[in-house]
Amino acid sequence: MSNRTTVTEFLLLGYSDVRELQILHFMVFLVLYLAALTGNLLIIIAIALDHHLHTPMYFFLMSLSILDLGSISVTIPKSMANSLMNTRSISYSGCVAQVFFLIFFAEADFALLTIMAYDRYVAICKPLHYETIMNRRACVQMAASAWISVILYASLHTENTFSITFCGGNMVDQFFCEIPQLLKLACSNSYFNEVGVIGFGVCLSLICFVFIIVTYVQILTKVLRIPSEQGRHKTFSTCLPHLIVISMFVSTAVFAYMKPISSSPSALDLMVAVLYSVLPPVMNPIIYSIRNKEIKASLRKLTGVRI
């Protein structure tokens with residue numbers, strides 16, 4: 001019979017027991033966190049202060065940067081603090097908060113990327129109707145609907161995850177409270193509700209992903225008919241970064257949640273977790289600032305530095 005215990009805290013994965021390596025981990029994560037913080041804040045400020053960028057595309061891009069700030073702030077600071085203080089513990093309530101906010105920011109990111117794909121479709125395939133379809137009210141309603149839906153979904157995920165009975169101890173084989181690693185600690189047959197919620201989420205994500213693919217097929221078909229090389233270049237410079245972000249996010253997140261859970265921690269699990277939870281918030285500002293002339297021009301005016 002499984003040994004059922006009341007869990008009051010969890011022990012996260014430690015990178016090393018060697019103090020020098022703990023400090024190295026702290027410094028690497030600090031650099032990544034500051035890069036994400038600086039890049040996303042610059043985009044938010046640039047869009048907020050430049051009235052030329054007060055368009056639906058940049059409204060959604062600013063929202064994406066806000067979500068990226070929240071996403072990376074859920075996992076990185078706690079991991080850095082643990083390395084600095086030579087501890088691995090996280091409170092039960094802290095773990096609950098990590099699960100809720102990580103699901104919220106990750107799913108809101110994906111919902112927003114889906115909306116951004118639709119925005120690009122209307123702008124390129126139906127340019128004469130763009131201002132009518134993507135007006136201020138419509139943009140706010142789409143963003144608000146996405147946020148409210150994701151709050152409900154994250155609440156359902158969190159409730160189901162922490163309603164299970166933990167029999168496998170309290171050691172989480174990841175540097176944050178990741179749902180697959182928490183389910184590994186569950187008593188047998190006590191996590192079927194959460195598996196059902198994950199399945200429901202996968203179906204929704206698949207629908208969004210198919211919608212994005214269909215949307216971009218239509219966009220690319222339209223773009224190839226543009227006689228102007230400059231017009232094609234401008235369209236690709238807007239759409240390609242979006243595709244890069246979506247591909248990075250979807251491929252790593254699906255792999256992390258769909259692959260079989262190993263009985264012991266592995267370097268692959270750690271690498272995949274970093275790729276889907278840390279890398280996108282760091283890379284998004286770089287991708288958009290490098291590929292987008294309007295953002296680059298606004299940042300030049302803001303910072304006085306040529307980008």
Side-chain angles (χ1 to χ4, degrees), residues 38-71 105 108-150 208 211-212 214-223 225-226 228-246 249 280-281 283-307:
T38 303
N40 284 292
L41 280 176
L42 282 175
I43 287 181
I44 293 169
I45 295 171
I47 294 174
L49 297 182
D50 191 340
H51 69 277
H52 294 103
L53 300 182
H54 291 179
T55 63
M57 185 181 83
Y58 293 106
F59 167 75
F60 293 130
L61 178 56
M62 183 171 68
S63 299
L64 184 66
S65 291
I66 292 172
L67 291 173
D68 283 340
L69 284 178
S71 176
F105 287 120
D109 249 20
F110 194 46
L112 197 59
L113 290 169
T114 305
I115 295 173
M116 290 172 71
Y118 177 70
D119 171 73
R120 291 300 84 208
Y121 165 76
V122 176
I124 294 168
C125 299
K126 299 183 179 180
L128 298 180
H129 302 285
Y130 182 74
E131 292 186 3
T132 303
I133 297 174
M134 300 300 295
N135 56 64
R136 182 183 295 272
R137 182 178 179 181
C139 292
V140 172
Q141 286 179 341
M142 284 189 286
S145 298
W147 283 53
I148 292 171
S149 300
V150 168
C208 290
F211 174 82
I212 291 171
V214 172
T215 298
Y216 272 103
V217 167
Q218 296 186 19
I219 289 175
L220 293 175
T221 302
K222 182 74 172 181
V223 168
R225 296 174 184 171
I226 298 177
S228 168
E229 184 177 346
Q230 183 178 2
R232 288 198 299 268
H233 176 74
K234 183 177 180 180
T235 303
F236 279 119
S237 68
T238 302
C239 294
L240 284 179
H242 191 190
L243 282 174
I244 293 171
V245 172
I246 293 172
F249 179 80
M283 292 301 298
N284 284 353
I286 298 173
I287 292 171
Y288 282 109
S289 64
I290 289 176
R291 300 288 301 178
N292 191 292
K293 292 182 179 179
E294 287 81 6
I295 289 288
K296 289 167 67 175
S298 182
L299 290 175
R300 274 198 300 268
K301 289 191 293 184
L302 180 67
T303 62
V305 177
R306 184 174 181 81
I307 299 175

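Below, each value reflects all heavy atoms present in this structure, side chains not excepted, and no hydrogens, waters or symmetry copies. Nothing here was measured: the structure is a model prediction, and the numbers come from that model. In this chain, numbering begins with 1 at the start of the sequence shown.
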Give, for atom [atom1] of [X] and atom [atom2] of [Y], the distance between the pair rounded to the nearest 0.5 Å.
X	Y	atom1	atom2	value
L64	L112	CG	CG	5.5 Å
M142	I115	CE	CD1	6.0 Å
L220	I124	CG	CD1	8.5 Å
D119	Y130	CG	OH	3.5 Å
C139	I133	SG	CD1	11.0 Å
M134	M57	CE	CE	11.5 Å

| Donor-acceptor contact below 3.5 Å, side chain N40 vs main chain P281 | yes
| query | Counting only N and O atoms by type, is there a donor-acceptor contact under 3.5 Å from the side chain of S149 to the main-chain atoms of S145? | reply | yes
Shortest non-hydrogen contact from [X] toward [Y]:
X	Y	result
C125	Q218	SG-O, 3.9 Å
I219	A117	CD1-O, 4.2 Å
A143	F59	CB-CE2, 4.1 Å
P280	D68	O-OD2, 4.4 Å

Does [X] reach the side chain of [Y], with side-chain heavy atoms less than 4.5 Å apart?
X	Y	value
K296	R300	yes
F110	I212	yes
F60	L113	no
T215	F211	yes

| Taking only residues two or more places apart in sequence or in another chain, which ones pass side-chain contact (heavy atoms from CB on, under 4.5 Å) with Y58? | I47, L53, T55, L61, N292, E294, I295
| E131 atom CD, over 12 foreign heavy atoms within 6.0 Å | no
| message | Within the supplied structure, the quantity of interest is the number of heavy atoms (other residues, nucleotides, ligands) at a distance under 6.0 Å from H129 NE2; does it exceed 12? | response | no
| message | Given I45, which partner from the list L42, L49, I43 fulfils the side-chain contact (heavy atoms from CB on, under 4.5 Å) test? | response | L49
